[in-house]
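For reference, positions follow the sequence shown, starting with 1. Every number for a ligand or one of its atoms is a count from 1 in the order of the listing. Just so you know, these numbers come straight off a predicted model, no measurement behind them.
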Amino acid sequence: MRIIVVGGAGTIGTAVVELLSARHDIVVAGRRSGDVRVDISSEDSVRSMYRRIGSFDALVCAAGEAHFGPFETVTEEELAQGVHSKLLGQVRLVLLGRSLISDGGSFTLMSGYVFDDPIPEATSFAIANGGVEGFVRAAGLSLERHLRINAVSPGLAQDSYEQFGPFNPGRTPVPMRTIASAFQRSVEGWRTGEVIRVR
Ligand SMILES: NC(=O)c1ccc[n+]([C@@H]2O[C@H](COP(=O)([O-])OP(=O)(O)OC[C@H]3O[C@@H](n4cnc5c(N)ncnc54)[C@H](OP(=O)(O)O)[C@@H]3O)[C@@H](O)[C@H]2O)c1
């Protein structure tokens with residue numbers, strides 16, 4: 001398969017690319033990294049990415065930002081960062097890509113543990129993740145041409161443990177290969193409209 005991995009040079013994206021590249025043709029996209037430049041928060045940029053890449057069989061998104069900081073001082077604008085980037089950025093990839101992807105192709109989006117097992121600093125991520133999970137379940141009912149869509153919701157990644165471990169007392173990190181395997185299950189498997197939790 002020809003697979004676009006948005007955020008494929010990031011912490012989780014790198015593990016996904018490492019696993020999938022043994023069996024597939026991978027195109028990595030990112031704002032400042034990868035084979036093709038894209039900013040998922042811009043409609044023009046996403047359209048231009050699809051134009052440059054041409055045909056593809058699957059899209060994986062391991063990108064999307066949100067605000068991280070204490071809840072006591074968070075503003076509405078900061079909370080909305082997750083909606084504009086992580087939620088609507090991923091929705092945009094599907095809306096603009098659904099008529100371009102091959103028959104039977106798949107979209108795999110990124111959620112995360114802070115939706116259903118929250119920490120106070122990550123409310124903006126929690127809002128975005130909830131939206132992503134709702135979108136995937138709803139879109140899974142209606143995609144045509146046997147297209148599939150899922151989200152992967154990882155726990156705290158092993159390679160992020162040093163950075164985010166202090167905000168997650170007692171949380172066991174998830175091996176990178178385990179997270180990557182969940183993306184493989186979505187891309188190569190049969191499921192649709194599902195959230196694959198990897199904890
Ligand atoms: N790490 C964890 O433990 C963990 C756990 C659960 C969920 N998640 C979720 O997984 C996602 C990725 O996390 P990560 O830790 O791998 O992050 P990361 O190391 O910062 O990597 C993010 C990647 O996405 C790209 N990117 C960021 N914003 C983008 C945009 N607007 N348009 C296009 N590409 C963009 C970045 O590339 P450029 O800088 O070149 O744009 C980078 O390659 C996040 O949504 C995070 O919430 C992470």
Using distance alone, decide if ligand 1 has a nitrogen or oxygen within less than 3.5 Å of any nitrogen or oxygen in [X].
X      : result
Ile40  : yes
Ile12  : yes
Ser111 : no
Gly10  : yes
Ala157 : yes
Tyr113 : no
Gly64  : yes

What protein heavy atom sits nearest [atom], and how far off is it?
atom                    : answer
atom 10 (O) of ligand 1 : Met110 CE, 3.2 Å
atom 22 (C) of ligand 1 : Ala62 O, 4.0 Å
atom 46 (C) of ligand 1 : Lys86 NZ, 3.7 Å
atom 24 (O) of ligand 1 : Ala63 CB, 3.2 Å
atom 31 (N) of ligand 1 : Asp39 OD1, 3.0 Å
atom 23 (C) of ligand 1 : Gly7 CA, 3.7 Å
atom 37 (O) of ligand 1 : Ser33 OG, 3.5 Å
atom 27 (C) of ligand 1 : Arg31 NH2, 3.3 Å

Taking only heavy atoms of [X], which atoms of ligand 1 are found under 4.0 Å from at least one of them?
X      : result
Gly112 : 6 (C), 7 (C)
Arg32  : 38 (P), 39 (O), 40 (O), 41 (O)
Leu156 : 3 (O)

Closest approach of [X] to [Y] (non-hydrogen atoms, all atoms of both residues):
X      : Y      : value
Asn129 : Gly112 : ND2-O, 3.3 Å
Arg52  : Asp35  : NH2-O, 4.5 Å
Arg2   : Gly54  : NH1-C, 4.3 Å
Ser85  : Glu65  : OG-N, 2.9 Å

Check [Y] with [X], please: is the shortest side-chain N to carboxylate O separation under 4.0 Å?
X      : Y      : result
Arg199 : Asp116 : yes
Asp39  : Arg31  : no
Glu194 : Arg185 : no

Sub-3.5 Å donor-acceptor pair from the side chain of [X] to the main-chain atoms of [Y], do we have one?
X      : Y      : answer
Arg148 : Ser186 : yes
Asn150 : Arg191 : yes
Arg171 : Gly155 : no

Could you label the plane-to-plane angle of the Tyr50 and Phe56 rings as parallel, tilted or perpendicular, counting under 30° as parallel and over 60° as perpendicular?
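Tyr50 and Phe56: parallel rings.
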Give a yes/no verdict on whether any heavy atom in Ala9 is under 4.0 Å from an atom of ligand 1.
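It does, in that a heavy atom of Ala9 comes within the 4.0 Å cut-off of ligand 1.
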Does Gly155 have a heavy atom less than 4.0 Å from any atom of ligand 1?
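The answer is yes: ligand 1 sits under 4.0 Å from a heavy atom of Gly155.
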List the steps, then state whether side chain to side chain contact (heavy atoms under 4.5 Å, CB included) holds for Arg92 with Glu43.
CA-CA 7 Å; Arg92 188 171 290 121; Glu43 185 175 327; 4.2 Å; yes
Report the part of Phe125 in contact with ligand 1, treating N, CA, C, O as backbone and CB onward as side chain, heavy atoms under 4.0 Å; options are side chain, backbone, both, neither.
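Looking at Phe125 and ligand 1, just side chain atoms fall under 4.0 Å.
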Protein heavy-atom contact under 4.0 Å for atom 1 (N) of ligand 1?
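Looking at atom 1 (N) of ligand 1, one finds that a protein heavy atom does lie closer than 4.0 Å.
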Nearest non-hydrogen atom to atom 18 (P) of ligand 1 belongs to which of Val46, Val174, Asn129, Thr11?
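Result: the heavy atom closest to atom 18 (P) of ligand 1 is in Thr11.
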So Leu93 and Met49, do their side chains get closer than 4.5 Å, heavy atoms only?
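Yes, at least one pair of side-chain atoms sits under 4.5 Å.
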Identified side-chain contact (heavy atoms from CB on, under 4.5 Å) partner of Pro154 from the options Met176, Arg197, Met110:
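Of all the options given, the one that passes is Met110.
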